[in-house]
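Residue numbers count from 1 along this sequence.
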Amino acid sequence: MKVAFFGRSDNYLPVYSLSNMEVHCAGLLPKEKKYVVPFVISSTSLFIGGVLFGYFVALPPAFEFFVSFNNKYLQAMLSFKDYLSLFVTFLLGFGVSFELPIFIFFLTKLGIVNAKMLSKQRRYAILIIFIVAAILTPSPDALSQILMAIPLMFLYEISIFVSRFAGKKETDSANNK
């Protein structure tokens, strides 16, 4: 069932996204509509980048960790179902976690965070990033957790820049009024 769902999503996802976007864009104000295309492009790019990073960089060491338990007394008997579950969970976790700059952008626009606060709370953010990496990676090895945490720390720094940019536009428009 998972193979059918993820295998065919490439055909129906663009049609679903386009029709969904048409419905939601009809209710947006003109100043809100200008964010739709950049949001769709950046969120798609970040998600695909996260999946590709997970597939090419983080998944091979995690899979190697699971297979490394083989010895003469213990033989790994991987089923396709277990491999697919690990594969999908791993890549989905990486794809969603790479959406951090988008999440921070919206939190900044809502006035919940700003660049100064994000910079000041960096050490707590690093701790939270490592905790989230430990939760999102289905394998218990530290290498895959570190391979998720390092790009997330880099994305956090990009998020600070994005927050500064989003907050700057907000203050500029407030000054013009």
Closest approach of [X] to [Y] (non-hydrogen atoms, all atoms of both residues):
| X | Y | value |
| --- | --- | --- |
| Ser144 | Phe90 | CB-CZ, 3.8 Å |
| Arg164 | Ser119 | NH2-OG, 4.1 Å |
| Ser163 | Thr108 | OG-OG1, 2.9 Å |

How far does [atom1] of [X] sit from [atom2] of [Y], to the nearest 0.5 angstrom?
| X | Y | atom1 | atom2 | value |
| --- | --- | --- | --- | --- |
| Gln121 | Ile126 | CD | CD1 | 12.0 Å |
| Phe98 | Leu52 | CZ | CG | 9.5 Å |
| Leu136 | Met148 | CG | CE | 5.0 Å |
| Ile158 | Met153 | CD1 | CE | 13.0 Å |
| Lys116 | Asn114 | NZ | CG | 8.0 Å |
| Gln145 | Ile131 | CD | CD1 | 11.0 Å |

Among residues at least two apart in sequence or on other chains, which ones pass side chain to side chain contact (heavy atoms under 4.5 Å, CB included) with [X]?
| X | answer |
| --- | --- |
| Tyr55 | Leu59, Phe87, Leu91 |
| Ser159 | Leu100, Pro101, Ile104 |
| Ala149 | Ile129, Phe130, Ala133 |
| Val96 | Phe47 |

Pairs flagged by ring-ring contact (aromatic ring centres under 6.0 Å, His included) wherever residues 99-123 is involved - sequence neighbours left out: Tyr35-Phe105, Phe39-Phe106
Run through the side-chain heavy atoms of Ile, Leu, Val, Met, Phe, Trp and Tyr, join any pair under 4.5 Å, and report what else lands in Ile41's cluster.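 Cluster partners of Ile41: Val37.
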Check each of Leu152, Leu92, Val132 against Ser97 using the side chain to side chain contact (heavy atoms under 4.5 Å, CB included) test, and report the only one that passes.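 For Ser97, the side chain to side chain contact (heavy atoms under 4.5 Å, CB included) check succeeds only for Leu152.
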Check the hydrophobic clustering (I, L, V, M, F, W, Y; side-chain heavy atoms under 4.5 Å; chains of links allowed) and say if Ile128 and Ile135 are grouped together.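 Hydrophobic grouping puts Ile128 apart from Ile135.
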Are side-chain heavy atoms of Leu147 and Leu143 found at a separation under 4.5 Å?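 Yes, at least one pair of side-chain atoms sits under 4.5 Å.
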Taking ring pair (Phe, Tyr, Trp, His ring centres under 6.0 Å) as the definition, give me every residue that meets it alongside [X], ordered by chain and number, with sequence neighbours left out.
| X | result |
| --- | --- |
| Tyr156 | none |
| Phe161 | none |
| Phe154 | none |

Summary of salt bridge (charged side-chain N to carboxylate O under 4.0 Å, His left out) pairs that have at least one residue in residues 56-67, sequence neighbours excluded: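 Pairs touching residues 56-67 that pass the test: none.
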Salt bridge (charged side-chain N to carboxylate O under 4.0 Å, His left out) pairs touching residues 146-161, sequence neighbours excluded, are Arg122-Glu157
